Amino acid sequence: MQRVGITSLSVWTNFGRGERPLLEGMKSGQRSLEPVQLPYIDDPWFKMKRGMQLPPPSTIECRFEDRTVTLDPFEWPAEIAVRTALDAIVESGRAHEAYAPHRVAICSGTSHGSNHGLLEHLRQESQGQTPDPALLLDLPAMVAARMSEALGAQGPCVTYNTACSAGINAIGQGARLIESGRADLVLAGGHDSFSLLSFAGFTSLKALDPGGTRPFDTRRDGLSLGDGAAYVVLESEESLSRRGVQPRAWVEGYAYLGEAYHPTAPDPEGLGVESSMRTVLGQVREPKRLALISAHGTGTPANDGAELRAMSRVVDALEPSEVVDVFSLKSQTGHALGAAGSIQSVAAVLSMEHGLVPATVGLQTPEEHGPGLRLGASPREREIPLCICNGLGFGGSVASLGLAHPSS
């Protein structure tokens, strides 16, 4: 089976728009928790009022269509997703134009989509107003449809709503479309905006750490919420060779499953993520090259303990050439829900390109783990031939993605 290459990528996080701000943020090993910009946040019920949020912009420059869009608060979340996706197309040199429209596909992942409009629609209805139907135009499936329309893409257009594993599933399923011969090019990734719904939900679960998330630390006390978007352009090895283009990374393995354990908690022993990682390592070339794991790493006691036990068992059984570094990008970007896995994937590509192991910021006393793993609170340099990204979502949705350096 042919490998699938990542031709180009795009990302928008709390560090800014584009890969350079994210790379510089990973190199610096810093983070910042800023006051959340949401309605009703002054209510004393919200004990935690800070996060890693994209500042809502008033205008967005669109490089794809050479125009600037002025947005209202209900439009910008969907617009960020679409503009980030089109940034990846521009970065690829508009690679979609090399293929027939019915061979170009869209795979987009999200947890709650851009529900600001939906919440406003419900508010208007609850107050006896006539709701504006335009507020419902940016529901998750419509965001992917807007990407498809912008490209004239007539291939599969699919939205994956698998909670916090959605971004990884979108990229993995996009690769499967190419491997199966259903598409020649896939625009794949994920998005989620900082929403009152998610902020209130995690507040009610008492899952937000007031001091900022500390993944894998023995004193961890919850997550920090973030938002953003990230997309990649996928093409087959044969197509890349024909076009004379070198990939930025190879997608060598992908696995997904349902744990069938609990609606919100992972299996305490991490059996689901262990299985998905083992499946990925069974697909990649030379699995002992594994050097880096981009962990789901939310900072919650249940998630981190389960994932760390799973990673320890997998690496101990693998006996890789060198110790495997583990980091949680959420310690710097916050938990971006459905976008988290795609942001992790973009960060993994940047890490491989620049020989960088990002930090797990806030880590002081690591939880016990196997001898084959290394957790670090500061960035460090290292050659990374192979990386695995993990995503765990509510409902027991687990996904892992294996990314390899283009020279390997």
Side-chain angles (χ1 to χ4, degrees), residues 3-13 15-27 54 57 60-69 79-99 101 103-109 143-144 146-153 155 167 170-171 174-175 177-178 183-191 228-237 239-251 333 336 339 341-354 356 389 401 403-407:
R3 285 191 294 182
V4 175
I6 293 178
T7 307
S8 65
L9 53 83
S10 62
V11 64
W12 201 336
T13 68
F15 288 113
R17 183 179 184 179
E19 61 183 84
R20 178 58 56 183
L22 176 60
L23 177 61
E24 292 304 319
M26 294 193 299
K27 286 182 176 179
L54 273 68
I60 292 180
E61 179 185 353
C62 176
R63 292 189 290 152
F64 188 77
E65 297 166 346
D66 299 322
R67 64 188 178 93
T68 299
V69 183
E79 202 69 29
I80 282 175
V82 174
R83 299 309 161 193
T84 304
L86 296 184
D87 283 350
I89 290 292
V90 171
E91 184 66 26
S92 74
R94 297 176 181 253
H96 68 291
E97 295 175 352
Y99 304 103
R103 303 290 299 171
V104 178
I106 309 293
C107 290
S108 187
V143 174
R146 287 179 56 191
M147 297 173 189
S148 179
E149 183 179 0
L151 301 183
I171 296 174
L177 283 176
I178 292 175
D184 291 322
L185 179 145
V186 181
L187 176 60
H191 69 95
Y231 285 82
V232 300
V233 172
L234 303 172
E235 297 178 76
S236 71
E237 186 173 13
S239 295
L240 290 171
S241 177
R242 185 173 60 251
R243 295 203 306 115
V245 175
Q246 292 295 319
R248 298 187 65 170
W250 296 111
V251 179
T333 61
S342 57
I343 294 173
Q344 284 175 245
S345 300
V346 166
V349 174
L350 296 176
S351 293
M352 288 189 289
E353 288 180 336
H354 296 272
L356 171 68
C389 300
L401 191 71
L403 299 173
H405 192 279
S407 65

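Atoms considered below: every heavy atom in the structure, side chains included; atoms not considered: hydrogens, waters and symmetry mates. Quick caveat, the model's predicted, so the values are computed rather than measured.
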Determine the minimum heavy-atom distance between Leu187 and Ala85, stating which atoms define it.
-> CD1-O, 3.6 Å
List in chain and number order the residues that pass salt bridge (Lys or Arg N to Asp or Glu O under 4.0 Å) with Arg94, two or more places apart in sequence or in another chain; answer none if no residue qualifies.
-> none
Test salt bridge (Lys or Arg N to Asp or Glu O under 4.0 Å) applied to Glu24 - qualifying residues, sequence neighbours left out | Arg20
Passes side chain to side chain contact (heavy atoms under 4.5 Å, CB included), Ile171 versus Ser342? Steps please.
-> CA-CA 7 Å; Ile171 296 174; Ser342 57; 4.2 Å; yes
For Arg17, what residues pass the salt bridge (Lys or Arg N to Asp or Glu O under 4.0 Å) criterion, not counting sequence neighbours?
-> Asp87
Taking all non-hydrogen atoms of both residues, which atom of Gly152 and which atom of Pro101 are closest, and how far apart?
-> O-CB, 3.4 Å
Considering residues at least two apart in sequence or located in another chain, which fulfil the side chain to side chain contact (heavy atoms under 4.5 Å, CB included) criterion with Ala347?
-> Leu22, Met26, Leu329
Compare every heavy atom of Val346 with every heavy atom of Tyr231, then report the nearest pair and how far apart it is.
-> O-CG2, 4.4 Å
With no hydrogens and no angle check, is any side-chain donor or acceptor of Ser148 less than 3.5 Å from a backbone partner on Ala153?
-> yes
Please report the closest heavy-atom contact between Ser345 and Gly341, naming both atoms and the distance.
-> OG-O, 2.8 Å
Residues in side chain to side chain donor-acceptor pair (under 3.5 Å) contact with Arg103, at least two apart in sequence or another chain = Asp184
CA sep, side-chain torsions, deciding dist, call: His191, Ser108, side chain to side chain contact (heavy atoms under 4.5 Å, CB included) = CA-CA 8 Å; His191 69 95; Ser108 187; 3.6 Å; yes
Option among Leu177, Thr7, Ile178 that satisfies the side-chain contact (heavy atoms from CB on, under 4.5 Å) test with Leu234 | Ile178
Output for pair (Trp12 CH2, Ile80 CD1), nearest 0.5 Å, gives 4.5 Å
If every non-hydrogen atom of Pro247 is compared with every non-hydrogen atom of Leu240, which pair is closest and at what distance?
-> CB-CD1, 3.8 Å
Side chain Ser8, main chain Ala88, donor-acceptor under 3.5 Å | yes
Considering non-hydrogen atoms only, spot the tightest contact between Arg63 and Val90 and give its length.
-> NH1-CG1, 4.0 Å
May I have the step-by-step check of side chain to side chain contact (heavy atoms under 4.5 Å, CB included) for Val349 and Val232, ending in yes or no?
-> CA-CA 10 Å; Val349 174; Val232 300; 6.0 Å; no
Which value, rounded to the nearest 0.5 Å, describes the distance between Glu237 atom CD and Arg3 atom CZ?
-> 5.0 Å
For Glu353, what residues pass the salt bridge (Lys or Arg N to Asp or Glu O under 4.0 Å) criterion, not counting sequence neighbours?
-> Arg248
Measure the CZ-OG distance between Arg243 and Ser92 for me, rounded to the nearest 0.5 Å.
-> 7.0 Å
Would Ile6 and Leu403 satisfy side chain to side chain contact (heavy atoms under 4.5 Å, CB included), going step by step from the backbone distance to the final call?
-> CA-CA 9 Å; Ile6 293 178; Leu403 299 173; 4.0 Å; yes
From Thr333 atom OG1 to Ile343 atom CD1, the distance as rounded to the nearest 0.5 Å | 5.5 Å
Separation of Ile106 CD1 from Arg146 CZ (nearest 0.5 Å) | 12.5 Å
